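Computed from a predicted model, the values in this text were never measured in an experiment.
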Amino acid sequence: LGDRLGGNGSGSGGKLLDDVKRLLGAAGGAGATDALKHMSVAAVIGSLMSKADDQTRPKLQALLDRARQLGVDDDKIA
C-alpha cells in the first residue's frame, strides 16, 4: 500500500493515504492506528463509517469509492 500510494501526499494516491492516516488519528490516536494497521483500507474506512456522524459519513464513502477506483481497497494499512 505504501509503495502504491506514497507518503508525501503527491498525486491522488498519496492524498488517499494521508486522508486515511488523518482519519485514523482522529478516531483514537496512535493506539487506534496500531490496532487497525493490519486491516484492509476498506475495513478501516467501514469501521470509521459505522461511528461517523451524518456529515462525515458521505466523505468516508467517497474515500472508500476512491480506494476502490485505485484498486487499494483490499490492501493492508501497514
Side-chain angles (χ1 to χ4, degrees):
L1 178 63
D3 291 342
R4 294 207 319 218
L5 297 183
N8 61 6
S10 62
S12 61
K15 175 139 176 45
L16 175 64
L17 184 58
D18 289 345
D19 287 347
V20 169
K21 286 179 179 178
R22 181 180 50 77
L23 289 167
L24 286 174
T33 303
D34 289 340
L36 299 173
K37 69 182 179 182
H38 298 291
M39 295 173 67
S40 70
V41 171
V44 170
I45 296 172
S47 176
L48 292 170
M49 286 177 71
S50 71
K51 300 171 188 165
D53 59 32
D54 291 340
Q55 193 173 24
T56 305
R57 200 170 295 113
K59 295 174 185 176
L60 290 168
Q61 182 62 54
L63 188 59
L64 179 57
D65 293 342
R66 186 66 180 142
R68 287 181 178 140
Q69 289 172 353
L70 291 170
V72 297
D73 54 314
D74 288 329
D75 288 353
K76 303 293 183 209
I77 294 293

Task: Residue pair K76 / H38: nearest heavy atoms and the distance that separates them - done: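 For K76 versus H38, the nearest heavy atoms are CD-O, 3.1 Å.
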
Open item on the list: Give me the atom names and distance for the closest heavy-atom approach of D73 to S40.
Closed with: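 Result for this residue pair: O-CB, 3.6 Å.
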
Task: From I45 atom CD1 to R68 atom CZ, the distance as rounded to the nearest 0.5 Å - done: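 Between I45 CD1 and R68 CZ, I get 8.5 Å after rounding to 0.5 Å.
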
Open item on the list: Quick check for you: to the nearest 0.5 Å, what is the distance between M49 atom CE and R57 atom CZ?
Closed with: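 Between M49 CE and R57 CZ, I get 7.0 Å after rounding to 0.5 Å.
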
Open item on the list: Does D53, at its CG atom, have more than 12 non-hydrogen atoms belonging to other residues, nucleotides or ligands within less than 6.0 Å?
Closed with: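 Yes, CG of D53 has more than 12 neighbouring heavy atoms, counting only those of other groups under 6.0 Å.
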
Open item on the list: Pairing donors with acceptors under 3.5 angstrom, does anything connect the side chains of Q69 and D65?
Closed with: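 The answer is no; no qualifying pair exists.
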
